[in-house]
K.L.:
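Sending over a structure as structure tokens; questions will come in a sec.
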Amino acid sequence: MDNSYASFVIQKMYVDFKHDNRDSFLIQCCSDNEDLFEGYDSIVGDSSFLAKLEDVELQMRQCHDQQTPNACEEDLSDSVLAEDFRDSPPRALPSSQLEFQKAVTTPHKSPSRGAHNTSTPDLMNPRPAVNHADLTANKPPPKARRSMKDHLKKVLIDNAATSSTVSKTVQQKEAVMTEEMSFAMQAMESISAEQDLGPFFGLPSKVKDLILRLKGIQDLYEWQKTCLSLDSVQQRRNLIYSLPTSGGKTLVAEILIFKELLCRKKDALLILPYISLVQEKVRGLSSFGIELDFMVEEYAGSKGRFPPVKRRNKNSLYVTTIEKGHSLVNSLIENDRLDNIGLVVVDELHMLGDGSRGAILEMTLSKILYMSKSTQIIGMSATLGNVGDLQTFLNAENYTNDFRPVELKEYVKIKESIYEVDPREETCFSFSRLLGFKYSSGMQKMDPDHIIALATEVIPQQSCLIFCATKKNCENLAGMICKYLNKVFLKHKEAEKATLLGELKSSGNGSLCPVLKKTVPFGLAYHHSGLTSDERKLVEEAYSSGVLCLLTCTSTLAAGINLPARRVILRSPYVATEFLKRSQYKQMVGRAGRAGIDAMGESILILQDKDINMAKKLLSAPMEKCYSNLLHDGGRGLFSLVLSFIGLKVLRDFMKGTLLSVQEAQVSPERSLWDLTVESIDTLKQKSLIEVSADVNNQSILQITRLGRATFKGSIDLSYCDLLYRDLSKGLEGLLLNSFLHLVYLVTPYDMVNQCKPDWMIYFRQFTNLSAAEQKMATAVGVPESFVARKAAGQSVRKSVDIVVVNRLYLALVLYSLLKETNLWNVSDRFQLTRGFVQTLLSSASAFGSSVLHFTEELEEFWAYKALLSELTRRLTYCVQAELIPLMEVAGVMEHRAKQLYNAGYKTLAHLANADPQILVQTIENLFKRQANQIIASAKMLIKEKAEALQEEVDDLLMLPSDIPSL
């Protein structure tokens, strides 16, 4: 059998196979890891393939018996190759394939037939007619014919045994095949990028199973399904969607994030307003990351790497606060990596209107919009009165729904009467009922607002939140309610409450808040920023599990972690001394009603006669509007924005893409956006943050100075950048290295100085306890002992002293004491400060320390600070005994929990990552299985993240440089 005959047979089989299996082949090949040949190592080993060969050979023999060989050859040529190549239009074929097709369809002008040695038949130049009678007469006696199957086996085996030397023709064919394989792989990748991976909104069913197992959500609400099916979502256009509190907005965002990570293989950025929410989300999504093979990275406080680790094989979800998100985006732009972010999700988008934080959020989104046209932005927001402005700013579509999983009924209480809120009524209220609780005269005097009556209608079997105007009100109210509660309340979940008290005491190293000691046995507690992180965590967990049935709290709880209640009571329509805004009111009452538990939620606003008219306006008013805050506080946001864009070299035309540009007429009616930008540039010049220089064409251009770059890279507030530079420069003249005090002073946040007035007797006592070297350092920064002594004695001070420096050193002494003994309760007692304030000071100092570290890295003269500040920031971040730090790296693990884990034998991340959740629950007090699973998943994610980062370093070190000099 000649080679051309074998070639015809194989080509016919190839075309038949391609026609029959093309569609199924493309559909099945969705995974990069899938074996395209289903495990077959050779054609010889494939019995089904060889069986097909024999069938085709039989057909060929029948053809040979019925026709002349040449006719059979022509029939094959026409039916197989001409149909497949000649009649089909070229479908974006690679250049090599087009050349090959051209060669097949173009007549050859070969001088000799023998020179044309190929297995492909010459379609355009058929051989001359052959006299078959002559062939038959001259043919030698026939040999026993070998089957096609045997012949193919022999050819393949002979080919395998031949020399590695190949002809130029073979090399060209191999090059063609390589290019075609590359083209096919690119086509497959584009197909898998566009097509769904599964039935759950384009995601595998595994995602739906994980949502059920990890979140307990069996099915989505109809609005969620509608939102996920919107054209804007399918076509990756920007979207703002608005729903009431507790409507299920977050789950939609998470599903979109999973699609970005798994289907499009791009990184995602999730921006949240508070550190506590970032930690909660990292803890909750780490389990998904472990199961679905993506990274979850925390950017909050002092945590986060800039730029982030560049991962080759995995995608990352960056969960950030507003401030850290801005720094992350800056670092990605500077390293030309912003396009790696496929999706940005912003929770609480209406915070664009929230002062300086709103300005930072606007800067972040403006940069993403300007620098990356492929990045999709999704914003979750409360209902706004001017959402159209935000749509214009983000070039986004809007989806709104008034869905609530549980019906909400809003009431007000005036004296002893309850009225239902009905804005359609002329009076805004319609009478509902009278309170039936009998008050004694003494009780009436203590509780004139009838809060006990309202609370005891639902507790202890159901839950209640009472929002108070101030932190002190929270504590006083919780204590007052306990005085008049029935002793039966003490028996409700008595053992669990005793355990909670023990944990609260343990978290305070033996100290227990006297108010909580009194209220917890009745199932009550207060919740505000005066609690430590450990205390807040324990109170929240106890409330969620039903151990506590009532919390008195400030408005910050409504904006933070989700703690719903059967009934929400607003003790007054004030936050501190300011009357409630409609958005604040809606956020608080939105906590009423627990999905899956309550059929209805209730909110009750307690009013005095003087507040009724204002309350009617509040309840019937449209939602507030959201305005740009780039001009907030003297335009600090605008200054920072202009500085960073000069630093990133993208200022031109950028200002037109801000929310300020959209709202220019409302926000700045007197000065144009251009005038504001010019003023900002002048201010930045005066601060020596930018300068004018000439380019190669002698044209004037704006350039960022070294100080400006350090300010921009460190995300330092422009109000303090020159002051920080001066303090760091002065520090180098006599840096105290045998104590942390000097370094602690340098990272004490400037913006907290005015939040605390020193107690001069305490100041003097702490000052005298310092070593001689430390006192000398205090004098060097501008606080001599004589000044503190005179202030403590109540004497007048003639010598001029910078009060900002004095107050800053006082706060530095607080932090220094905390570093030395790590007992927050002792330090707060010593300085007569609330433990919540000390905790806030500590977290602010660690975050500012991280910023100062990045600031010094950009200035050569501050090289000495790099190693020193790196270690100090780490200590401030955790401020615990060294052995607990690895455990506290896990999201949501506070000092108390870290001590429990350490004492139970879980001393490292590896111990935690490999723990059995069942054993963990049995070993650790007051730890539920869901929490145990989250802790284990977070530990696994951290280990994975560290290992991946080290592997990336190894790969970089071992990678062969592309520019090695050669001869």
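Residue indices begin at 1 and follow the sequence shown.
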K.L.:
Nearest 0.5 Å please: distance from the NZ atom of K656 over to the OH atom of Y370.
P.N.:
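One gets 9.5 Å once the value is rounded to the nearest 0.5 Å.
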K.L.:
Looking only at atom types and distance, does a side-chain atom of T856 sit under 3.5 Å from a main-chain N or O of K866, one as donor and one as acceptor?
P.N.:
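Judged by distance alone, no pair lies under 3.5 Å.
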K.L.:
Are T321 and P273 close enough that some pair of their side-chain heavy atoms sits under 4.5 Å apart?
P.N.:
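The answer is no, as the side chains (C-beta and beyond) never meet within the 4.5 Å cut-off.
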K.L.:
With a 4.5 Å cut-off on side-chain heavy atoms, are L732 and Y865 touching?
P.N.:
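Of all side-chain heavy-atom pairs linking L732 with Y865, at least one is under 4.5 Å.
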K.L.:
Does atom CG (D956) have a neighbourhood of more than 12 heavy atoms from anything else shown, all under 6.0 Å?
P.N.:
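Check passes, neighbour count above 12.
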K.L.:
Does L869 offer a backbone N or O that forms a donor-acceptor pair with the side chain of T873 under 3.5 Å?
P.N.:
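Yes, because the side chain of T873 sits within donor-acceptor range (under 3.5 Å) of the backbone of L869.
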K.L.:
Any side-chain heavy atom of L815 sitting closer than 4.5 Å to one from Y745?
P.N.:
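In short, these two side chains do not touch, never coming nearer than 4.5 Å.
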K.L.:
One pair to check against side chain to side chain contact (heavy atoms under 4.5 Å, CB included): E889 and E298. What are the steps and the verdict?
P.N.:
CA-CA 10 Å; E889 288 180 354; E298 179 182 349; over 6 Å; no
K.L.:
In sequence, state the C-alpha distance, the side-chain angles, and the governing distance for S381 and E348, and then conclude on side chain to side chain contact (heavy atoms under 4.5 Å, CB included).
P.N.:
CA-CA 5 Å; S381 173; E348 311 290 355; over 6 Å; no
K.L.:
Do the side chains of E948 and K314 get close enough for a salt bridge, i.e. N-O under 4.0 angstrom?
P.N.:
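Looking at K314 together with E948, the answer is yes, because their closest N to O distance falls below 4.0 Å.
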K.L.:
Can a side-chain donor-acceptor contact be found between S672 and D675 if the only test is distance below 3.5 angstrom?
P.N.:
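Judged by distance alone, the side chains do pair up.
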K.L.:
Indicate yes or no: does E323 engage R357 in a salt bridge with an N to O separation below 4.0 Å.
P.N.:
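The answer is yes: the pair qualifies as a salt bridge.
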K.L.:
Salt bridge (charged side-chain N to carboxylate O under 4.0 Å, His left out) for K713 and E858? Distances and angles first, verdict last.
P.N.:
CA-CA 8 Å; K713 292 291 286 290; E858 296 298 317; 2.9 Å; yes
K.L.:
A side-chain contact here means heavy atoms from C-beta on lying under 4.5 Å apart; do T375 and L343 qualify?
P.N.:
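Answer no - side chains too far apart.
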K.L.:
If you look at every heavy atom in I368 and L338, which pair is closest and at what distance?
P.N.:
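Shortest heavy-atom separation between I368 and L338 comes out as CA-CD2, 4.1 Å.
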K.L.:
State, with a plain yes or no, whether a side-chain heavy atom of Y810 is found less than 4.5 Å away from one of V753.
P.N.:
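Y810 vs V753: side chains apart.
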K.L.:
Within a reach of under 6.0 Å around CZ of R237, are more than 12 heavy atoms found that belong to other residues, nucleotides or ligands?
P.N.:
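Result for CZ/R237: enclosed.
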K.L.:
Whether the S851 and S715 side chains hold a donor-acceptor pair (N or O, under 3.5 Å, no angle test) is what I'd like checked.
P.N.:
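No pair is found: no donor N or O on one side chain lies under 3.5 Å from an acceptor on the other.
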K.L.:
Of all heavy-atom pairs between V801 and G782, which one has the smallest distance, and what is that distance?
P.N.:
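Between these two residues, the closest heavy atoms are CG1-O, 3.5 Å.
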K.L.:
Sub-3.5 Å donor-acceptor pair from the side chain of H854 to the main-chain atoms of G714, do we have one?
P.N.:
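Absent.
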K.L.:
Mind checking what makes side-chain hydrogen bond (donor to acceptor under 3.5 Å, both in side chains) contact with S693, not counting sequence neighbours?
P.N.:
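Scan of S693 (side-chain hydrogen bond (donor to acceptor under 3.5 Å, both in side chains), adjacent residues dropped) gives Q703.
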K.L.:
Before giving the answer on side chain to side chain contact (heavy atoms under 4.5 Å, CB included), spell out for L859 and R706 the whole-Å C-alpha distance, their side-chain angles and the decisive distance to 0.1 Å.
P.N.:
CA-CA 7 Å; L859 298 165; R706 290 169 57 255; 3.7 Å; yes
K.L.:
Just wondering, do L256 and I378 contact through their side chains at under 4.5 Å, heavy atoms?
P.N.:
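They are in contact (side-chain heavy atoms under 4.5 Å apart), so the answer is yes.
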K.L.:
Would a distance-only check, ignoring hydrogens and angles, find a side-chain to backbone donor-acceptor pair under 3.5 Å from Q839 to S533?
P.N.:
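It does hold such a pair.
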K.L.:
Between D267 and S316, is any side-chain donor less than 3.5 angstrom from a side-chain acceptor?
P.N.:
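No, because no side-chain N or O of D267 sits under 3.5 Å from a partner of the opposite role on S316.
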K.L.:
Could you tell me if the side chain of Y318 sits less than 4.5 Å from the side chain of M295, heavy atoms only?
P.N.:
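No, their side chains stay 4.5 Å or more apart.
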K.L.:
Just to verify, what does E785 make a salt bridge (Lys or Arg N to Asp or Glu O under 4.0 Å) with, not counting sequence neighbours?
P.N.:
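Scan of E785 (salt bridge (Lys or Arg N to Asp or Glu O under 4.0 Å), adjacent residues dropped) gives none.
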K.L.:
Decide, yes or no, whether a salt bridge links R311 with E297 under the criterion of side-chain N to carboxylate O below 4.0 Å.
P.N.:
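Here R311 pairs with E297 in a salt bridge, since their nearest N and O are under 4.0 Å apart.
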K.L.:
Got a second to check how far I257's CD1 is from E260's CD, nearest 0.5 Å?
P.N.:
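Answer rounded to 0.5 Å: 9.5 Å.
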K.L.:
Rounded to the nearest 0.5 Å, how far apart are CG of L741 and CG of L813?
P.N.:
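Here the rounded value is 6.0 Å.
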K.L.:
Stepwise, does the side chain to side chain contact (heavy atoms under 4.5 Å, CB included) test hold for L718 with L684?
P.N.:
CA-CA 9 Å; L718 268 62; L684 294 173; 3.5 Å; yes
K.L.:
Which heavy atom in N738 sits nearest to a heavy atom in L736, and how many Å separate them?
P.N.:
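Nearest heavy atoms, N738 then L736: OD1-CD1, 3.0 Å.
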K.L.:
Heavy atoms only: give me the nearest S366-G657 pair and the separation to one decimal.
P.N.:
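Shortest heavy-atom contact: OG-O, 3.9 Å.
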K.L.:
With heavy-atom distances below 4.5 Å as the criterion, would you say the side chains of R875 and L819 are in contact?
P.N.:
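In short, these two side chains touch, coming nearer than 4.5 Å.
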K.L.:
CG/L659 to CG/L365 distance, rounded to the nearest 0.5 angstrom?
P.N.:
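One gets 9.5 Å once the value is rounded to the nearest 0.5 Å.
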K.L.:
Counting only heavy atoms not in K757, do more than 12 fall under 6.0 Å of its NZ?
P.N.:
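No, because the 6.0 Å sphere around NZ of K757 holds 12 heavy atoms or fewer from other groups.
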K.L.:
With sequence neighbours left out, write down each residue that passes salt bridge (Lys or Arg N to Asp or Glu O under 4.0 Å) with K324, or none if nothing qualifies.
P.N.:
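Salt bridge (Lys or Arg N to Asp or Glu O under 4.0 Å) check on K324 returns nothing, list empty.
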K.L.:
Test your reading of the model: is there a side-chain donor-acceptor pair from Q279 to the backbone of A891, 3.5 Å cut-off?
P.N.:
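Side chain of Q279 to backbone of A891, a donor-acceptor pair under 3.5 Å: no, none is there.
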K.L.:
Set out, in order, the CA-CA distance, both residues' side-chain angles and the distance that settles salt bridge (charged side-chain N to carboxylate O under 4.0 Å, His left out) for K310 and D955, then state yes or no.
P.N.:
CA-CA 11 Å; K310 192 173 185 179; D955 292 345; over 6 Å; no
K.L.:
When rounded to the nearest 0.5 angstrom, what is the spacing between OG in S719 and OH in Y750?
P.N.:
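Nearest 0.5 Å value for the OG-OH distance: 12.0 Å.
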K.L.:
State, to 0.1 Å, how close L261 and A268 come at their nearest heavy-atom pair, and which atoms those are.
P.N.:
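Nearest pair, atom of L261 first, then A268: CD2-N, 4.1 Å.
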K.L.:
Sub-3.5 Å donor-acceptor pair from the side chain of E624 to the main-chain atoms of L384, do we have one?
P.N.:
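No, the answer is negative, given that no donor and acceptor are paired below the 3.5 Å cut-off.
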K.L.:
So, the side chain of S844 versus the backbone of L841: is there a donor-acceptor pair under 3.5 Å, distance only?
P.N.:
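Looks like no, no N/O pair under 3.5 Å.
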K.L.:
Can you tell me if E280 and Y274 form a side-chain donor-acceptor pair at under 3.5 Å?
P.N.:
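Distance-only check fails for E280 and Y274.
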K.L.:
Can you name the nearest heavy-atom pair linking V783 to Y763, along with the distance?
P.N.:
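That closest heavy-atom pairing would be CG1-OH, 3.8 Å.
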K.L.:
Regarding N330 and K367, do their side chains bring together a donor and an acceptor under 3.5 Å, going by distance alone?
P.N.:
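There is such a pair (donor and acceptor under 3.5 Å, judged by atom type) between the side chains of N330 and K367.
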K.L.:
Look only at the side chain of S680 and the backbone of L676, and say whether a donor-acceptor pair between them is shorter than 3.5 Å.
P.N.:
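Yes; at least one donor-acceptor contact below 3.5 Å.
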K.L.:
Okay, side chain of N238, backbone of A396: is any donor-acceptor separation there less than 3.5 Å?
P.N.:
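Not confirmed, N238 side chain does not pair with A396 backbone.
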K.L.:
Checking K791 side chain against V797 main chain: does a donor-acceptor pair fall under 3.5 Å?
P.N.:
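Flag not set: sc K791 to bb V797 has no pair under 3.5 Å.
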K.L.:
side-chain hydrogen bond (donor to acceptor under 3.5 Å, both in side chains), that's the test. Do S739 and E774 meet it? Break it down for me.
P.N.:
CA-CA 8 Å; S739 162; E774 289 168 341; 2.7 Å; yes
K.L.:
Say you draw a straight line from OG1 of T779 to NZ of K776; how long is it, rounded to the nearest 0.5 Å?
P.N.:
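Spacing of OG1 (T779) from NZ (K776) equals 9.5 Å.
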